[in-house]
2 protein chains.
Amino acid sequence: MKESSRSSKGSHVARPVSTEQRLMDVAATLFASKGYAAVGIREIAREAGLTIGSLYHYASSKEDLFIKLLRSSYVSAIDRARKTIAMAPTPAQRLQALIRLHIVGEVTEANVWELERTELEVISPEARAALIELRDEFEQLWRDIIEEGISDGSFAPEDPAIVRISILRMCNGVVLWYRPDGRLTLDEISDIVFRQALLLLRAG
Amino acid sequence: MKESSRSSKGSHVARPVSTEQRLMDVAATLFASKGYAAVGIREIAREAGLTIGSLYHYASSKEDLFIKLLRSSYVSAIDRARKTIAMAPTPAQRLQALIRLHIVGEVTEANVWELERTELEVISPEARAALIELRDEFEQLWRDIIEEGISDGSFAPEDPAIVRISILRMCNGVVLWYRPDGRLTLDEISDIVFRQALLLLRAG
DNA sequence: GTCTATAGGCTGATAGAC
DNA sequence: GTCTATCAGCCTATAGAC
């Protein structure tokens with residue numbers, strides 16, 4: 001997802017990725033697919049092409065690795081979401097762009113959002129509070145769009161909070177059943193989810 | 001959930017529960033809240049008031065315990081759903097009853113449905129196939145209601161499959177944020193989710 | 001049907017050479 | 001920054017007494 005086109009080498013080969021980035025990507029994929037407790041540090045190290053000893057150069061513990069990866073995932077998701085929102089003029093268009101960004105992001109990267117369900121509870125209270133703050137910051141972006149739509153009259157949901165949760169769950173669920181060779185493309189799915197979101201928001 | 005009012009004792013004290021039932025309940029709660037890998041058999045045994053040795057009298061392995069509990073949860077959910085559906089005359093009423101049953105069931109018992117997300121992958125292929133069959137049987141009940149609604153003209157969703165998945169995810173998500181002392185009762189939440197489901201189904 | 005005791009392996013984490 | 005070697009503790013599961 002990181003473009004880094006300002007790399008000085010100007011190389012024509014596949015852009016090299018830092019060991020740390022590779023480690024985080026591997027950890028994200030494994031944690032997202034199997035859950036925190038089910039993934040061992042040996043497996044993470046092996047998949048990242050490292051030994052256990054080397055892994056501990058990048059993170060001081062398994063929990064620290066998990067926290068680092070969640071934080072960077074949340075931060076980059078928030079960052080991209082803000083930029084996407086800034087380019088759309090109306091609440092509905094902002095919502096459409098955000099839904100597509102979220103669905104595509106989850107399928108092409110790792111779905112870290114479903115992890116918060118129970119896995120956040122394994123980490124220490126202070127670190128958890130910081131992560132929950134980031135998660136709330138992300139959700140606030142959706143909340144704002146809905147509020148703006150209500151203000152300008154384009155949305156009129158029965159219960160804005162439940163609708164917001166429902167829309168996010170519809171997005172988060174796609175990665176569980178989407179298959180690249182399936183009936184629908186990610187763009188088509190994103191459009192359907194967006195129209196479903198509109199149905200919920202325009203209930204009034 | 002099991003009534004067993006035909007117990008011969010006619011006792012006026014709280015209905016006694018078999019050790020096996022208690023074990024299954026404890027295991028369901030723990031697995032649902034922390035995930036399969038994060039729960040140890042020591043913890044399950046302790047919570048159920050047993051030692052490890054005794055636990056293995058009821059299940060031959062941790063995986064076997066997990067399979068038994070998922071199977072019994074699925075079977076009883078399907079059974080209750082069928083009975084609930086049979087009492088409602090129209091597709092919309094069947095849907096309303098099923099949504100309420102599902103939401104209330106998940107909150108008052110353990111939410112085993114979210115487990116299938118990734119946890120089903122840890123169990124052996126044969127057992128998994130049987131469980132997936134049960135899960136599909138449950139989902140087929142929802143599919144049937146939607147199809148019947150489409151046939152009689154009361155529903156006209158853009159994409160029946162995605163709407164079905166979305167409705168189920170809206171139901172399954174409630175247990176993640178519902179609090180007994182919160183703004184809404186379970187009945188109120190169920191009604192809102194039902195009306196949201198109708199919005200998705202009557203898109204036409 | 002419940003217990004105690006223990007086997008055998010895997011886990012997260014550390015020490016220290018290079 | 002990466003490695004090898006290793007530790008102490010926890011895990012699932014079993015054996016066998018009662």
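Atom set for the values below is all heavy atoms of this structure, side chains included, hydrogens, waters and symmetry mates excluded. In the text below, chain A, chain B and the rest are named by the order of the sequence lines, each starting its count at 1.
- Rounded to a whole Å, the CZ atom of B:Arg22 is 8 Å from the P atom of C:dT2.
- Remark: B:Tyr58 is in phosphate contact with C:dT2, judged by side-chain N or O atoms under 4.0 Å from OP1 or OP2.
- Ranking C:dA13, D:dT2, C:dT2 by closeness to the A:Lys62 side chain, first place goes to C:dA13.
- At least one test fails for B:Lys34 against the ring of A:Tyr36: distance under 6.0 Å to the centre or angle within 45° of the axis.
- Straight-line distance from the CZ atom of A:Arg42 to the P atom of D:dT4: 13 Å, rounded to whole Å.
- Heavy atoms of other residues, nucleotides or ligands lying less than 6.0 angstrom from CD of B:Glu139 number more than 12.
- Here D:dT2 presents its C1' atom at 13 Å from CG of A:Leu23, a figure rounded to the nearest Å.
- Between the P atom of C:dA15 and the NE2 atom of A:His57 lies a distance of 17 Å, rounded to the nearest Å.
- What separates OH of B:Tyr36 from P of D:dC11 is a distance of 14 Å, to the nearest Å.
- The 5' end of DNA chain D is approached more closely, in terms of each residue's nearest nucleotide, by A:Ser54 than by the other of B:Ile52 and A:Ser54.
- Contacts of A:Gly40 with the nucleic acid, taken as non-hydrogen atoms under 4.0 Å apart, involve only primed sugar atoms and P, OP1 or OP2.
- In the model, A:Gln140 has no side-chain atom that pairs as donor or acceptor with a side-chain atom of A:Asp136 under 3.5 Å.
- In this structure, the CG atom of B:Leu50 is 15 Å from the C1' atom of C:dT4, given to the nearest Å.
- Distance, A:Tyr56 OH to C:dT11 P: 12 Å, rounded to whole Å.
- Using cut-offs of 30° and 60° for the angle between ring planes, the A:His102 and A:Phe138 rings count as tilted.
- Remark: P of C:dC3 and CD1 of B:Ile41 are 14 Å apart, rounded to the nearest angstrom.
- For A:Thr19 and D:dT2, the shortest distance from a side-chain N or O to OP1 or OP2 is below 4.0 Å.
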